[in-house]
Chemist: 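Questions regarding the structure given below will be posed in turn.
What you see below is based on every heavy atom in this structure, not just the backbone, and it leaves out hydrogens, waters and symmetry mates. Bear in mind that the values here come from a model prediction, so they are computed numbers and not experimental data.
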Amino acid sequence: MASSLLIHHATLLTPTGWRTDAWLWIENGLIRALGNPADGSTDLPSGLPSLDAGGNLLTPGFVELQINGALGQDFTEDPESIWRLAAELPRFGITAFLPTIVTAPLERIAQAQAVWQRGEPEGFAGAIPLGLHLEGPFLNPLRKGAHNPAYLRIPDPALVADWSPQTGVRLATLAPELPGALETIRTLHAQGVKVSAGHSMATYAQAQAGFDAGIKYGTHLFNAMPPLEHRAPNLPGALLTHPGIGVGIIADGIHVHPAAVQLAWMAKGAAGEITLVTDAMAALGMPAGKYTLGDFDVQVDDSSARLRDGTLAGSILQPTQAIRNLQTFSGCTQAQAIAAFSANPARVLGLTDRGIIARAARADLVMLSAQGEVLSTFVAGKQVYKS
């Protein structure tokens, strides 16, 4: 039996802009049709179950490419938490995500792959893990950040032979300047894994070589990479000036100065190549205190998460705050900022049916208040969160 829902009186964000007093017809998890009463007659069947949006904003669901954990749980420490947290993430407006496994023993990566491959548990309702983001172990020790140096490895195609979207690996971050990196990038690219440059000391030329080998993304722009200099633009300069290369950015005002966020937007925003990420860790949605990121204890206050030596260790940034911050820092519109957390990351993964509100797209949606707070979240047309 078909499952249907009509959401009406919504302020709808479509690829062509906002539509006020709009309706959206969902059937079997997909968007069947959308419109306005002013459009004239429609072929909507009578008796559809309906929900009055009350004029609130209805936007695409958020697609999170880099999240280490939340609500006291860490994906690397406990890969079994992937599906537990997936059921909770819709409270943040997240409808699809990449559980991020930081540098760890290769056996831990294999465990996370196995958890993903087992599929959703019976009765599951929540955000969809699209595969893993493996942030490591092929990182430069000089830019390791909060990653455990004991587990760092030299890139080797043999070590990634079973990494593919089919085995749960969707995105891999590595340093393109390391020995063996270019061959490993080419192998991953051929296997369908999106490859990202990060935790790297790459020069501009080394970054370009990585792009030529198959890198299409940059992990948390400006963080864990050499600075952008006028005579040595390095990895940040390469990421900002090469079309077709997306970049993730942590817009919390701590990881990246607002002026640098504005600079990135000026370089990549109009092309839809800025993707917001939270890089959130276990303390997301929790009070200040001590938490875990991989093997390390992290002290969390009301604004940041840091190792004992002061190194930033992920964030506690919520997606809605990242969207507001991007607007404030860059001067972009609300629609553009929301796209940076929906349409743009979906595009990075090559997904055409997520991150947008359009006919035949998945009905992954977030209802926001006028202040931008999450009121309801829908995954495949099913309401999985209500505030």
Chemist: Are Ile94 and Ile249 grouped together when hydrophobic residues (ILVMFWY) are joined by side-chain heavy atoms under 4.5 angstrom apart?
Modeler: yes
Chemist: Assess whether side-chain contact (heavy atoms from CB on, under 4.5 Å) is satisfied between Thr103 and Leu152, documenting all intermediate values.
Modeler: CA-CA 7 Å; Thr103 300; Leu152 294 176; 3.8 Å; yes
Chemist: Do other residues, nucleotides or ligands put more than 12 heavy atoms under 6.0 Å from His242 NE2?
Modeler: yes
Chemist: For the residue pair Arg306 and Ile254, establish whether any side-chain heavy-atom pair is separated by less than 4.5 Å.
Modeler: yes
Chemist: Does Phe296 share a hydrophobic cluster with Leu139, counting links as ILVMFWY side-chain heavy atoms below 4.5 Å and allowing steps through other members?
Modeler: no
Chemist: Got a donor-acceptor contact below 3.5 angstrom from the Arg32 side chain to the Glu27 backbone?
Modeler: no
Chemist: When you compare the side chain of Glu273 with that of Ile245, does any pair of heavy atoms fall below 4.5 Å?
Modeler: no
Chemist: Taking atom CG of Leu349 and atom NZ of Lys216, what is their separation to the nearest 0.5 Å?
Modeler: 14.5 Å
Chemist: When rounded to the nearest 0.5 angstrom, what distance separates CD in Gln73 from CG in Asp78?
Modeler: 7.0 Å
Chemist: Following the transitive rule for hydrophobic clusters with a side-chain heavy-atom cut-off under 4.5 Å over Ile, Leu, Val, Met, Phe, Trp and Tyr, establish whether Val256 and Met225 coincide in one cluster.
Modeler: yes
Chemist: Run Trp265 and Gln262 through side-chain contact (heavy atoms from CB on, under 4.5 Å) and show every step you take.
Modeler: CA-CA 5 Å; Trp265 183 262; Gln262 183 183 25; 5.6 Å; no
Chemist: Can you name the one residue among Asp212, Leu174, Val160 that meets side chain to side chain contact (heavy atoms under 4.5 Å, CB included) with Ile185?
Modeler: Leu174
Chemist: Would Ser200 and Glu177 count as having a side-chain donor-acceptor pair, cut-off 3.5 Å?
Modeler: yes
Chemist: Establish whether Ile7 and Val366 are linked, either directly or via other cluster members, by ILVMFWY side-chain heavy-atom contacts under 4.5 Å.
Modeler: no
Chemist: The test is side chain to side chain donor-acceptor pair (under 3.5 Å); show your working for Gln383 and Ser376 and say whether it passes.
Modeler: CA-CA 7 Å; Gln383 189 176 44; Ser376 296; 3.0 Å; yes
Chemist: Does Thr311 reach the main-chain N or O of Ala146 with its side chain, forming a donor-acceptor pair under 3.5 Å?
Modeler: no
Chemist: Side chain of Asp364, backbone of Ala380: donor and acceptor closer than 3.5 Å?
Modeler: yes
Chemist: What heavy-atom pair brings Leu293 and Gly314 nearest, and what distance separates the two atoms?
Modeler: CD2-N, 4.2 Å
Chemist: Considering non-hydrogen atoms only, spot the tightest contact between Leu5 and Gly381 and give its length.
Modeler: CD2-O, 4.2 Å
Chemist: Would you say the side-chain atoms of Arg19 pair up with the backbone N or O of Thr14, donor to acceptor, closer than 3.5 Å?
Modeler: no
Chemist: If every non-hydrogen atom of Leu30 is compared with every non-hydrogen atom of Arg362, which pair is closest and at what distance?
Modeler: CD2-CA, 3.9 Å
Chemist: In a check of ring pair (Phe, Tyr, Trp, His ring centres under 6.0 Å) between Trp83 and each of Phe124, Phe75, Trp116, which one passes?
Modeler: Phe124
Chemist: State the CD1-CD distance between Ile109 and Gln111, to the nearest 0.5 angstrom.
Modeler: 11.5 Å
Chemist: So Gln321 and Asp252, side-chain contact (heavy atoms from CB on, under 4.5 Å) or not? Walk me through it.
Modeler: CA-CA 8 Å; Gln321 187 60 53; Asp252 60 356; over 6 Å; no
Chemist: If you round to the nearest 0.5 Å, how far is CG of Asp279 from CG of Leu284?
Modeler: 11.0 Å
Chemist: Can I get a per-line list of side-chain donor-acceptor pairs under 3.5 Å for residues 45-62, giving both atom names and the distance, sequence neighbours left out?
Modeler:
{"from": "Asp52", "atom 1": "OD1", "to": "His9", "atom 2": "ND1", "distance (Å)": "3.3"}
{"from": "Asp52", "atom 1": "OD1", "to": "Gly54", "atom 2": "N", "distance (Å)": "2.8"}
{"from": "Asp52", "atom 1": "OD2", "to": "His9", "atom 2": "ND1", "distance (Å)": "3.3"}
{"from": "Asn56", "atom 1": "ND2", "to": "Ala53", "atom 2": "O", "distance (Å)": "3.0"}

Chemist: So, taking the atom named CH2 in Trp163 and the one named CG in Leu134, what distance separates them when rounded to the nearest 0.5 Å?
Modeler: 5.0 Å
Chemist: Could you walk me through whether Arg324 and Glu373 pass salt bridge (charged side-chain N to carboxylate O under 4.0 Å, His left out), step by step?
Modeler: CA-CA 10 Å; Arg324 288 192 290 268; Glu373 298 301 329; 3.1 Å; yes
Chemist: For the residue pair Leu34 and Arg359, establish whether any side-chain heavy-atom pair is separated by less than 4.5 Å.
Modeler: yes
Chemist: Determine whether Trp18 and Leu13 satisfy the following criterion, side-chain contact (heavy atoms from CB on, under 4.5 Å), listing intermediate values before the conclusion.
Modeler: CA-CA 5 Å; Trp18 293 102; Leu13 180 57; 3.5 Å; yes
Chemist: Within the 3.5 Å criterion, strictly below it, is a donor on Asp74 or Asn68 matched to an acceptor on the partner's side chain?
Modeler: no
Chemist: Side chains of Val193 and Leu171: closer than 4.5 Å at any heavy-atom pair?
Modeler: no
Chemist: Does Ser196 use its side chain to pair, donor to acceptor, with the backbone of Tyr217 at less than 3.5 Å?
Modeler: yes
Chemist: Is there a side-chain contact between Leu159 and Phe138, using heavy atoms and a 4.5 Å cut-off?
Modeler: yes
Chemist: Looking only at non-hydrogen atoms, find the nearest pair between Ser330 and Leu326 and report the distance.
Modeler: OG-O, 2.6 Å
Chemist: Side-chain heavy atoms nearer than 4.5 Å, only ILVMFWY residues, links allowed to pass through others: does that put Ile67 and Leu221 together?
Modeler: yes
Chemist: Minimum heavy-atom separation for Val300 to Ala283, with atom names?
Modeler: CG2-CB, 3.6 Å
Chemist: Considering non-hydrogen atoms only, spot the tightest contact between Gln113 and Val169 and give its length.
Modeler: NE2-CG2, 3.8 Å
Chemist: Could you check whether any side-chain heavy atom of Glu64 comes within less than 4.5 Å of a side-chain heavy atom of Phe92, counting everything from C-beta outward?
Modeler: no
Chemist: Measure from the side-chain N and O atoms of Asp297 to the backbone N and O of Thr292, and report whether any donor-acceptor pair falls under 3.5 Å.
Modeler: no
Chemist: Does either side chain, that of Thr320 or that of Gln318, offer a donor lying less than 3.5 Å from an acceptor on the other one?
Modeler: no
Chemist: How about CZ on Arg143, more than 12 heavy atoms from neighbouring residues, nucleotides or ligands closer than 6.0 Å, or not?
Modeler: yes
Chemist: Tell me every residue that passes ring-ring contact (aromatic ring centres under 6.0 Å, His included) with Phe329, counting only those two or more places apart in sequence or in another chain.
Modeler: none
Chemist: Find the distance between CH2 (Trp25) and CD1 (Ile31) and round it off to the nearest 0.5 Å.
Modeler: 13.0 Å
Chemist: Give a yes or no on whether the backbone of Gly350 and the side-chain of Lys194 come within a donor-acceptor separation of less than 3.5 Å.
Modeler: no
Chemist: Side chains of Leu351 and Val63: does their closest heavy-atom pair fall under 4.5 Å?
Modeler: no
Chemist: Taking C-beta and beyond as the side chain, do Leu132 and Leu98 meet within less than 4.5 Å on heavy atoms?
Modeler: no
Chemist: Would you say Thr377's side chain and Tyr385's backbone share a donor-acceptor pair under 3.5 angstrom?
Modeler: no
Chemist: Would you please indicate if the ring centroids of His255 and His220 are separated by under 6.0 Å?
Modeler: no
Chemist: Working note: Thr219 + Gln66, criterion side chain to side chain donor-acceptor pair (under 3.5 Å); need CA distance, chi angles, decisive distance, verdict.
Modeler: CA-CA 9 Å; Thr219 295; Gln66 187 170 9; 5.2 Å; no
